[in-house]
Amino acid sequence: MAESNIISPENLVYEKTSVMTDRILHYCPGCGHGTAHRMLAEAIDELGIQGDTIGVAPVGCSVLAYYYFDVDMQEAAHGRAPAVATGIKRMLPERYVFTYQGDGDLAAIGTAETIHACNRGENILIVFINNGIYGMTGGQMAPTTLPGMKTSTSPRGRDVATMGNPLKITELVAELPGTYFVTRQSVHAPANARKAKRAMKKALEYQKLKKGTCFIEIVSNCPSGWKMTPAQSNKWMEENMFPFYPLGDIKVPEQ
Amino acid sequence: MARKGDVVINIERCKGCEICLSACPNEVLALSSEVNSKGYHYAIKVNSECIGCANCAVVCPDAVITVYREKAVKK
Amino acid sequence: MKELRLMKGNEALAEAAIRAGADAYFGYPITPQSEVIEYLMRENPADRTGMQVLQAESEVAAINMVYGAAGCGKRAMTSSSSPGISLKMEGISYIAGAELPCVVVNVVRAGPGLGTIQPSQSDYFQAVKGGGHGDYKLIVLAPATVQESVDYVKLAFELAFKYRNPVMILSDGIIGQMMEKVELFEQMPRSTEEYEWATLGKKPGKDSVIVTSLQLQSEEQEKVNLRLQAKYREVEKNEVRFETYACEDAEYLFAAFGSCARITRKALDMARAKGIKVGIIRPQTLYPFPVDEINRLAGQVKGILTVEMNAGQMVEDVRLAVNGKTPVEFYGRFGGMIPTPDEILKALEQKIIGG
């Protein structure tokens with residue numbers, strides 16, 4: 001189609017936020033990481049806190065998140081992001097500090113760091129991407145893999161009798177007195193992505209109150225790991241992940 | 001009548017995931033038969049029904065879509 | 001103002017951290033070093049200097065808190081004892097890889113495994129050869145007195161920031177637990193320097209700061225390694241520290257470090273009283289190791305006895321330094337046992353003089 005005269009600066013309604021760099025994301029086509037990154041970056045942008053924000057990247061698919069967020073960032077060892085973020089926040093209490101972690105990082109190897117940072121009520125934002133699989137290492141079972149779900153280390157489906165149950169760590173941290181705001185969102189559809197961004201914005205604003213940890217789970221897809229097209233993976237997520245990991249606020253600040 | 005919109009797609013960054021297709025209320029977008037330098041069929045506009053809602057851009061994992069919408073006409 | 005006090009090694013070290021202007025301490029209790037965090041919590045340095053102290057959920061978390069604080073250019077320290085240091089090794093490797101400064105204190109107890117809480121020097125290899133994964137080095141300071149425990153905290157922060165490298169103070173259960181007279185240095189101000197490599201918030205017009213030890217491209221990772229190796233060569237050139245005693249006329253030589261060197265000094269006095277001309281070299285930096293001085297002394301003496309509270313670790317570095325010039329023998333006790341001066345003298349007579 002020919003470009004219309006609508007395309008002019010004064011008519012601009014949406015462009016990539018400058019809090020994301022121009023690097024091409026290394027994620028697979030259709031992966032929710034890119035959208036989750038952007039929602040967080042837009043929240044930072046809209047709050048005008050790019051220069052006051054320090055992020056912590058995990059080990060997992062988003063290990064290179066620091067190439068995409070145009071904010072100062074540290075790369076943590078696998079699972080240790082909440083401890084690294086604790087070190088940062090204790091040194092720079094007026095900065096906005098977030099971690100961005102996957103399910104293996106946050107809910108398996110880093111469970112202790114997650115629980116204890118939340119239980120101390122560290123004034124940080126933890127963004128938790130749950131797609132029920134280890135993406136970077138090639139599709140192994142995650143702590144959040146659904147019962148019966150096939151992965152390369154549960155090739156006949158997750159057998160809870162021998163492989164244990166999926167861990168609802170978000171409900172778990174919501175029980176801790178140190179958490180202030182706990183919610184579960186998704187970014188696969190426009191309304192959901194916008195809602196997720198609002199949650200991130202709120203969580204960052206709450207950091208100023210110094211009232212505890214904000215924890216946002218994003219239930220996301222892994223088309224490559226799940227061996228589906230992106231569209232199929234989003235449909236599968238709605239039909240299988242959402243019933244087990246229902247979207248919505250789990251703990252909201254008392255008014 | 002809804003305000004008119006338009007999109008600009010950075011086809012070199014597009015990975016052809018099709019997420020934007022299902023987000024569009026007016027079926028403005030489709031995948032090209034051509035591929036970009038990375039070998040992906042990229043998103044293209046196939047009609048002029050865009051209303052500038054930005055749904056496609058919001059869900060695009062690779063941030064390849066820029067959205068424009070004409071200003072409300074003063075009566 | 002300088003101040004004389006009678007203090008326990010671990011407590012003196014904690015006081016030195018406050019006085020050295022440390023910004024943060026993150027730790028986890030383990031015998032025989034729990035007095036470090038206990039002293040800090042009691043002393044509440046937040047009131048004195050603003051220094052933050054936090055008891056972490058594990059040694060693993062503590063070292064990663066150090067990583068986060070160090071990444072902000074802050075003076076961060078942690079301490080532990082052997083099993084806890086093993087847990088910290090992951091984080092230490094990352095800190096070395098990301099080229100961050102920090103101070104790690106190991107008040108060594110005997111291993112392997114849970115071992116015993118009694119003093120030992122069996123973590124020598126872990127400290128000087130790397131300990132965690134990858135080609136990296138810690139600068140390792142080995143105090144022999146409570147006074148050195150204090151002075152080395154200050155020195156450790158200086159070296160850590162000079163080279164942007166983790167520095168380990170390799171103490172042991174003897175030095176950590178014993179009380180000695182100590183002269184405390186004056187309170188130093190906490191640094192307000194904003195380092196360009198530190199994550200403090202992106203500055204307008206500047207690139208964002210990234211603290212990482214990851215380079216996926218081999219060519220880039222090799223460059224990181226080459227840079228690290230160049231740094232270690234600088235450290236080897238500039239930072240070797242050792243003490244020698246009675247070496248001028250020595251026909252034999254003791255080599256020992258830390259608390260064990262003090263016991264060996266007693267054996268030296270006993271040997272001298274019997275007319276045996278023996279000297280001692282005590283490396284104060286275990287990395288960088290006093291290779292040149294040991295090699296020089298090797299040309300002078302008829303034999304060297306290395307004495308350690310382990311099964312023979314530093315002796316390997318002594319042999320490398322001696323490079324065949326003179327016989328090198330070893331005497332050690334381990335598992336938390338401490339050699340006596342009598343045993344050491346006997347070992348000198350049997351293994352070196354009679355050998």
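Below, read A as the first sequence line, B as the second, and so on, with proteins coming before strands; counting in each chain starts at 1.
No part of A/Met20 comes within reach of chain B, as not one of its non-hydrogen atoms sits under 4.5 angstrom from that chain. Within the 4.5 angstrom heavy-atom criterion, no atom of A/His33 approaches chain B. Proximity to chain A (any heavy atom under 4.5 Å) is restricted, for B/Ile65, to the backbone atoms N, CA, C and O.
Most heavy-atom pairs under 4.5 Å with chain B: of the set A/Asn192, A/Asp22, A/Val187, this distinction falls to A/Asp22. When the candidates A/Pro223, A/Gly30, A/Gly32, A/Pro190 are compared by the number of heavy-atom contacts under 4.5 Å with chain B, A/Pro190 comes out ahead. For the options A/Met39, A/Glu10, A/Glu42, heavy-atom pairs under 4.5 Å to chain B are most numerous at A/Glu10. Heavy-atom pairs under 4.5 Å with chain A peak, among B/Cys20, B/Ser22, B/Cys56, B/Ala54, at B/Ala54.
For the pair A/Lys251 and A/Phe215, the cation-pi criterion (under 6.0 Å, within 45° of the ring axis) is not fulfilled.
For the side chain to side chain contact (heavy atoms under 4.5 Å, CB included) test with A/Asn240, the passing option among A/Phe242, A/Trp236, A/Phe244 is A/Trp236; the others fail.
With respect to the salt-bridge test (charged N to carboxylate O, under 4.0 angstrom), the residues A/Arg184 and A/Asp249 do not qualify.
Between the side chains of B/Glu18 and A/Thr229, no donor-acceptor pair is found at a separation under 3.5 Å. Side-chain polar atoms of A/Asn131 and A/Ser220 form no donor-acceptor pair below 3.5 angstrom.
Counting all heavy atoms, side chain and backbone alike, B/Pro61 lies closest to A/Arg38 at N-NH2, 4.3 Å.
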